[in-house]
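As structure tokens, the structure follows; a few thoughts come after it.
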Amino acid sequence: MNATQPHPHKTDLTVTHVLAELLERLEHSAVPVGAEQYRSVVLHLVNELGDVEPGMALGALLDTHPAAAELYENVNYQYAGLCRSALDASLTAELKAKEAIEKAMKPINPQLKEDPNHGKS
């Protein structure tokens with residue numbers, strides 16, 4: 001019987017770091033980058049990210065390499081959604097918008113009653 005063995009994760013991030021650096025350079029290149037070169041780097045980085053042990057070291061690498069972090073989110077979206085997006089900023093913006101809407105819906109002076117004949121001739 002052929003039992004599947006769990007795939008051991010890498011803890012050495014050297015190759016992942018090099019690919020993340022390369023992707024950042026391609027993303028910010030002042031000269032046009034060939035599609036095949038870009039695609040090759042992305043595919044290699046996707047493979048590396050799939051083999052890397054999740055944890056603080058990977059988190060630190062992704063914190064310093066935004067293009068790799070975005071790629072990581074996209075690859076893992078089905079499992080974790082936008083797991084690296086700043087949720088605090090989104091939540092704060094949503095709460096502020098809700099407060100502004102509630103404030104706008106309140107009457108300016110609650111003691112003034114609306115004239116029932118207003119707008120009628």
Side-chain angles (χ1 to χ4, degrees):
M1 181 164 117
N2 240 355
T4 47
Q5 298 294 321
H7 184 48
H9 291 290
K10 289 183 185 181
T11 55
D12 181 8
L13 300 180
T14 304
V15 174
T16 311
H17 188 269
V18 169
L19 289 167
E21 281 286 326
L22 184 53
L23 181 59
E24 286 298 322
R25 286 168 53 206
L26 293 176
E27 285 280 328
H28 297 97
S29 176
V31 296
V33 177
E36 280 303 314
Q37 180 184 12
Y38 187 87
R39 184 173 188 268
S40 175
V41 171
V42 167
L43 289 176
H44 281 89
L45 183 54
V46 165
N47 289 334
E48 279 297 310
L49 290 171
D51 292 342
V52 170
E53 177 77 31
M56 290 178 58
L58 177 59
L61 184 142
L62 296 175
D63 287 343
T64 57
H65 298 83
E70 186 175 350
L71 183 64
Y72 181 82
E73 270 194 339
N74 288 333
V75 168
N76 292 294
Y77 185 79
Q78 64 192 25
Y79 307 112
L82 300 175
C83 57
R84 297 200 48 83
S85 292
L87 295 178
D88 289 340
S90 298
L91 180 59
T92 301
E94 183 178 341
L95 291 175
K96 286 185 178 185
K98 183 179 177 185
E99 288 172 8
I101 291 168
E102 288 172 354
K103 185 177 178 181
M105 292 177 68
K106 288 183 182 177
I108 296 173
N109 188 343
Q111 291 163 352
L112 292 178
K113 303 246 181 202
E114 187 177 315
D115 181 5
N117 295 322
H118 179 74
K120 296 180 183 174
S121 339

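Only heavy atoms go into these numbers, but all of them, side chains included; no hydrogens, no water, no symmetry mates. In this chain, residues are counted from 1 in sequence order.
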Inset, instruction - Show which residues join I101 in its hydrophobic cluster (side-chain heavy-atom contacts under 4.5 Å, direct or indirect), or state none. - result: M105
Legend entry - Qualifying ring-ring contact (aromatic ring centres under 6.0 Å, His included) pairs, either residue in residues 23-55, two or more places apart: none
Inset, instruction - Tell me, yes or no, whether the heavy-atom count around E70 atom CD, taken from other residues, nucleotides or ligands under 6.0 Å, exceeds 12. - result: no
Inset, instruction - With sequence neighbours left out, write down each residue that passes side-chain hydrogen bond (donor to acceptor under 3.5 Å, both in side chains) with E21, or none if nothing qualifies. - result: H65
Inset, instruction - Report the residues that fulfil side-chain contact (heavy atoms from CB on, under 4.5 Å) with S29, sequence neighbours left out, ordered by chain and then residue number. - result: V31, V33
Inset, instruction - Provide the closest heavy-atom pair for A69 versus L62 in the form atom of the first, atom of the second, distance. - result: CB-O, 3.4 Å
Legend entry - Nearest heavy atoms of E53 and L58, plus distance in Å: O-CB, 4.0 Å
Legend entry - Single-linkage hydrophobic cluster, 4.5 Å side-chain cutoff, Y72 and V18 together: no
Inset, instruction - Please name all residues satisfying side-chain hydrogen bond (donor to acceptor under 3.5 Å, both in side chains) with E24, sequence neighbours left out, ordered by chain then number. - result: none
Inset, instruction - For the residue pair V75 and L49, establish whether any side-chain heavy-atom pair is separated by less than 4.5 Å. - result: no
Legend entry - Point-to-point distance, once rounded to the nearest 0.5 Å, from CG of L13 to CG of D51: 11.5 Å
Inset, instruction - Can you see which heavy atom on L61 is nearest to which on A20, and at what distance? - result: CD2-CB, 3.9 Å
Legend entry - Separation of T16 OG1 from L23 CG (nearest 0.5 Å): 12.5 Å
Legend entry - Pairs involving residues 39-48, ordered by first then second residue, that meet salt bridge (charged side-chain N to carboxylate O under 4.0 Å, His left out) (sequence neighbours left out): K10-E48
